[in-house]
Protein chains: 2
Amino acid sequence: MKDVCRQAKLSPGAVYLYFRSKESILQALAEGGRSQTAAWLSQCKDLSRVVDLILQQLNLPEAQPVFKLDVQLWAEAIHTPKLAALFQRSEAVLLDGLAQIAKRASPKRTDQQAKTIARLLIAVMTGLELQKAMNPTVELGPTGVLLKSTLREV
Amino acid sequence: MKDVCRQAKLSPGAVYLYFRSKESILQALAEGGRSQTAAWLSQCKDLSRVVDLILQQLNLPEAQPVFKLDVQLWAEAIHTPKLAALFQRSEAVLLDGLAQIAKRASPKRTDQQAKTIARLLIAVMTGLELQKAMNPTVELGPTGVLLKSTLREV
DNA sequence: GCATACAAAACGAATGTTCGTTCTTTTTAA
DNA sequence: TTAAAAAGAACGAACATTCGTTTTGTATGC
């Protein structure tokens with residue numbers, strides 16, 4: 001809360017004019033991440049583009065504080081059903097979107113395979129985000145190239 | 001702390017006979033995870049085995065509470081330098097170990113490529129762990145097969 | 001064999017602090 | 001002049017931690 005006040009340049013009392021509770025702030029934060037994800041997902045017509053955007057986000061210096069925030073949100077979701085449900089819904093949307101893109105690229109893939117690829121992509125994205133959150137000096141290097149080549153092969 | 005007491009079947013006072021503080025408990029927990037990871041890493045002579053063990057762990061029903069705990073530890077590490085340093089050290093060890101295995105399999109890979117593969121594997125592992133922590137009903141399906149085939153191609 | 005003495009272990013209520021929230025007051029702006 | 005916005009002190013609940021007491025287990029005396 002102290003951090004929220006500092007970031008918003010508002011006193012505790014003022015913050016509570018805009019949000020009912022801390023939990024509703026966290027929900028709004030998670031909601032914001034969700035819609036942002038949906039926004040860039042809609043710009044992707046193939047998995048190569050997806051990988052590009054993911055790695056671009058991960059390398060954005062100003063996005064780094066967001067990574068730390070996301071880890072806090074994940075932890076909060078573990079013991080806050082409302083947040084957990086929100087994350088599960090947005091993950092389901094992301095999963096479907098990615099699976100569709102995966103299937104469009106090679107229609108002979110089964111739905112299950114497409115979904116597995118999508119799940120792995122999400123895992124890579126969040127996993128790398130965690131690494132960057134815990135150690136900002138991490139360099140991703142040729143991760144994007146490697147990822148894209150593997151996606152072409154499968 | 002309440003959860004720790006319940007799990008240990010000990011009163012708060014008794015817990016503090018074994019640990020100096022909550023933080024030292026978290027450190028011990030993280031330390032335990034580290035040595036456990038080192039243990040199964042030493043049993044792996046190729047990446048295929050690594051993938052097998054990772055997915056076996058992820059599918060173990062009794063390991064699921066550990067996933068939730070890990071997410072809490074990650075979040076705590078974000079604002080606890082001691083924990084962050086511990087995680088960074090153990091990640092470095094894991095990274096080197098996996099990179100060595102990756103290079104042993106195909107020596108023509110550059111060190112950077114091997115390290116990138118290792119980093120991606122760690123990302124997949126923690127990413128899937130996060131998914132399972134937030135939604136225990138997640139089914140991994142043919143994730144292992146797919147992962148191993150992609151590793152063979154690259 | 002039983003009672004006594006002692007130390008280690010455990011308990012759980014009490015403590016002080018932190019944190020989310022509220023409330024009264026002051027400032028801003030229309 | 002008035003309503004909206006912001007401030008920040010104050011409140012209460014939750015939390016990590018401590019401490020005086022009780023229990024348990026074990027060695028020692030008779």
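Remember, it's a predicted structure, so these values are computed and weren't measured experimentally. Throughout, a chain's letter reflects where its sequence line sits, starting with A, and its residues are numbered from 1.
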[X]-[Y] co-clustered via ILVMFWY side chain contacts under 4.5 Å:
X: Leu86(B); Y: Phe19(B); value: no
X: Leu55(B); Y: Val124(A); value: yes
X: Leu26(A); Y: Trp74(B); value: yes
X: Phe67(A); Y: Val4(A); value: no

(request) Summarise how protein sits on nucleotides 9-25 of chain C as a single string, 5' to 3': B when a protein heavy atom is under 4.0 Å from the base, S for sugar-phosphate-only contact, - for no contact. (result) SBBB-------SBBB--
(message) Could you tell me if Gln27(A) and Glu23(A) have a donor-acceptor pair between their side chains, going purely by distance under 3.5 Å?
(response)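 A pair is found: one side chain offers a donor N or O, the other an acceptor, under 3.5 Å apart.
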(request) In plain terms, say whether Glu129(A) and Lys132(A) are close enough for a salt bridge, that is, a side-chain N and a carboxylate O under 4.0 Å apart. (result) no
(message) According to side-chain contact (heavy atoms from CB on, under 4.5 Å), who are the partners of Lys45(A), at least two apart in sequence or on a separate chain?
(response) Arg104(A)
Could you list all N or O pairs between the protein and nucleotides 20-23 of chain D that sit under 3.5 Å apart?
none

